[in-house]
Amino acid sequence: MLALNDTSTWPTFSFIGIPGLEAAHMWISIPFCLLYLLALGGNVLLLFLVRMEQNLHEPQFYFLAMLALTDLGLSLSTMPSVLAIFWFDVHHIGLNACLTQMFFIHTLSSVESGVLVAMAFDRLVAICAPLNYTRILTHCTVTCLSGAALIRGATLLAPLPFFLRAFSFCGTNILSHSYCYYPDMLNLACGDVTFSSVYGLVCVLCTFAVDVVFILISYMKILGTIMKLGIQDGNWKSLQTCACHLCTVLVFYLPLISLAVLHRYTQETSPILYTTMSNAYLLMTPLLNPLVYSLKSRQIQTALRKRFWVQRVVAGE
């Protein structure tokens with residue numbers, strides 16, 4: 001069997017793919033490949049529109065571009081191992097490659113969570129303090145918020161590969177996902193993993209839990225402002241982007257929370273359910289985010305029509 005393996009004495013890990021459907025992996029790869037292509041194409045399109053359209057040179061769309069860039073990184077981090085399983089029956093990966101993939105997946109997930117907080121802050125300022133919007137959300141502020149999300153994720157999660165490298169691994173080293181995931185790898189480690197497990201929990205609390213609290217507080221204040229002032233023409237567009245942002249938050253956090261619950265509180269879960277949730281966690285978010293903003297955001301729709309409808313008309317002439 002082929003192997004994505006390091007030529008060293010480090011242990012290797014095995015992906016299980018989709019249990020019970022090994023004979024159909026080649027057929028299953030077709031929708032997976034299409035979903036990856038749609039996710040990559042959609043996020044590249046968002047980046048292109050934000051870069052080329054002057055009307056989209058605003059803080060909320062800069063954050064959207066950061067979100068699209070993060071989604072691209074997540075897709076590219078998992079795509080090699082997922083498609084290698086289905087296309088080439090490659091079920092093995094070396095420790096160094098696995099740790100690298102794990103670091104990028106967890107770091108980019110943390111960055112995406114931080115960007116969602118920045119987008120909630122953007123909506124908070126747009127609705128609660130619209131006259132001060134341009135003064136508060138300057139290019140410097142956008143850069144600082146995006147940089148803070150990146151630095152936080154990389155700093156907090158950098159120790160994880162070193163923790164795992166310090167352990168020896170027992171048994172068959174079979175991973176329950178199609179990619180390397182920290183709790184999954186920690187379950188295979190020999191010895192006392194208490195500190196590593198607690199540190200992983202602290203990382204979750206310092207990133208995702210704190211971010212959820214900030215997002216909830218932001219929308220509580222937004223809701224309070226709306227109830228006081230009512231929906232006016234001036235903040236109607238801001239409310240529409242709030243709807244986009246809330247959809248994005250749900251798309252990101254619901255699979256993440258479900259996967260965490262499956263890992264920590266269920267012992268006899270079906271392997272197919274594990275695989276389905278893990279793929280939904282890292283595949284559906286990059287796929288749905290561009291779709292949500294394309295369907296809900298009038299500015300994005302206008303930019304799409306301007307770029308592609310006008311070009312079609314010119315080509316027809």
Side-chain angles (χ1 to χ4, degrees), residues 32-80 82-83 101 104-123 126 137-154 211 237-238 240-253 281-312:
F32 269 91
C33 185
L34 290 175
L35 291 175
Y36 271 117
L37 288 175
L38 288 173
L40 294 174
N43 286 289
V44 168
L45 179 60
L46 279 181
L47 288 172
F48 171 77
L49 291 176
V50 174
R51 174 67 180 85
M52 300 300 295
E53 288 296 322
Q54 191 67 31
N55 292 336
L56 300 182
H57 290 180
E58 299 177 5
Q60 60 174 314
F61 296 110
Y62 291 146
F63 290 131
L64 178 59
M66 184 72 177
L67 192 70
L69 197 60
T70 306
D71 284 336
L72 277 176
L74 281 172
S75 296
L76 293 174
S77 296
T78 60
M79 186 170 61
V82 172
L83 295 185
Q101 185 187 52
F104 278 106
I105 288 174
H106 286 285
T107 299
L108 290 171
S109 296
S110 174
V111 171
E112 178 149 354
S113 182
V115 173
L116 290 175
V117 174
M119 295 174 79
F121 176 70
D122 171 83
R123 294 301 85 204
L137 281 163
T138 61
H139 289 290
C140 181
T141 304
V142 172
T143 303
C144 289
L145 290 174
S146 302
L150 179 60
I151 293 171
R152 182 193 66 172
D211 291 347
K237 290 183 179 180
S238 299
Q240 288 182 313
T241 53
C242 280
C244 298
H245 180 251
L246 282 174
C247 290
T248 303
V249 168
L250 292 175
V251 166
F252 178 74
Y253 283 109
Y281 166 46
L282 289 182
L283 182 57
M284 298 311 293
T285 300
L287 175 67
L288 292 179
N289 282 347
L291 185 62
V292 167
Y293 275 89
S294 297
L295 293 176
K296 290 289 185 179
S297 173
R298 289 187 177 180
Q299 294 97 317
I300 296 294
Q301 291 175 4
T302 301
L304 284 170
R305 284 194 296 267
K306 178 182 176 182
R307 280 285 160 183
F308 297 101
W309 177 253
V310 171
Q311 288 182 5
R312 183 189 299 181

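Side chains are part of it too, since the values below use all heavy atoms of this structure and drop only hydrogens, waters and symmetry mates. Values in this document were obtained by computation on a predicted structure and should not be read as measured data.
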**Asked** Who are the side chain to side chain contact (heavy atoms under 4.5 Å, CB included) partners of Val249, not counting sequence neighbours?
**Response**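 With neighbours one apart ignored, the set is Leu116, Ile215, His245, Tyr253.
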**Item:** By side chain to side chain contact (heavy atoms under 4.5 Å, CB included) - contacts of Leu150 (at least two apart)
**Value:** Val111
**Asked** Under 3.5 Å, side chain of Ser110 to main-chain N/O of His106, donor-acceptor pair present?
**Response**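 Side chain of Ser110 to backbone of His106: no pair is present.
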**Prompt:** Just by distance, do the side chain of Gln101 and the backbone of Ser77 share a donor-acceptor pair under 3.5 Å?
**Reply:**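 It does hold such a pair.
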**Asked** Which pairs count as salt bridge (charged side-chain N to carboxylate O under 4.0 Å, His left out) when at least one residue sits in residues 61-80, sequence neighbours excluded?
**Response**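 Salt bridge (charged side-chain N to carboxylate O under 4.0 Å, His left out) check on residues 61-80 returns no pairs.
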**Complete:** Quick note, salt bridge (charged side-chain N to carboxylate O under 4.0 Å, His left out) partners involving residues 52-65, not counting sequence neighbours, are Glu53-Lys306, Glu53-Arg307
For [X] and [Y], which heavy atoms make the closest approach, and how far apart are they?
{"X": "Pro59", "Y": "Asp122", "value": "CB-OD1, 3.7 Å"}
{"X": "Ala118", "Y": "Phe63", "value": "CB-CE2, 3.6 Å"}
{"X": "Val115", "Y": "Ala149", "value": "N-CB, 4.2 Å"}
{"X": "Gln60", "Y": "Gln299", "value": "NE2-NE2, 4.0 Å"}

To the nearest 0.5 angstrom, please state how far the [atom1] atom of [X] sits from the [atom2] atom of [Y].
{"X": "Leu64", "Y": "Leu69", "atom1": "CG", "atom2": "CG", "value": "11.0 Å"}
{"X": "Cys144", "Y": "His139", "atom1": "SG", "atom2": "NE2", "value": "13.0 Å"}
{"X": "Leu56", "Y": "Tyr62", "atom1": "CG", "atom2": "OH", "value": "9.5 Å"}
{"X": "Ser113", "Y": "Leu108", "atom1": "OG", "atom2": "CG", "value": "12.5 Å"}
{"X": "Phe61", "Y": "Ile300", "atom1": "CZ", "atom2": "CD1", "value": "5.0 Å"}
{"X": "Thr248", "Y": "Glu112", "atom1": "OG1", "atom2": "CD", "value": "8.5 Å"}

**Fill in**
Applying salt bridge (Lys or Arg N to Asp or Glu O under 4.0 Å) to Asp211 and not counting sequence neighbours gives Arg152
Determine all donor-acceptor pairs shorter than 3.5 Å in which one atom belongs to a side chain in residues 32-50; sequence neighbours excluded.
residue: Tyr36; atom: OH; partner: Thr78; partner atom: OG1; Å: 2.9
residue: Asn43; atom: ND2; partner: Ala39; partner atom: O; Å: 2.7
residue: Asn43; atom: ND2; partner: Pro286; partner atom: O; Å: 2.9

**Prompt:** Which residues satisfy the side chain to side chain donor-acceptor pair (under 3.5 Å) test with Thr141, sequence neighbours excluded?
**Reply:**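 So Thr141 forms a side chain to side chain donor-acceptor pair (under 3.5 Å) with Thr138.
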**Request:** Decide yes or no on side chain to side chain contact (heavy atoms under 4.5 Å, CB included) for Asn289 and Leu67, but give the supporting numbers first.
**Result:** CA-CA 9 Å; Asn289 282 347; Leu67 192 70; 3.8 Å; yes
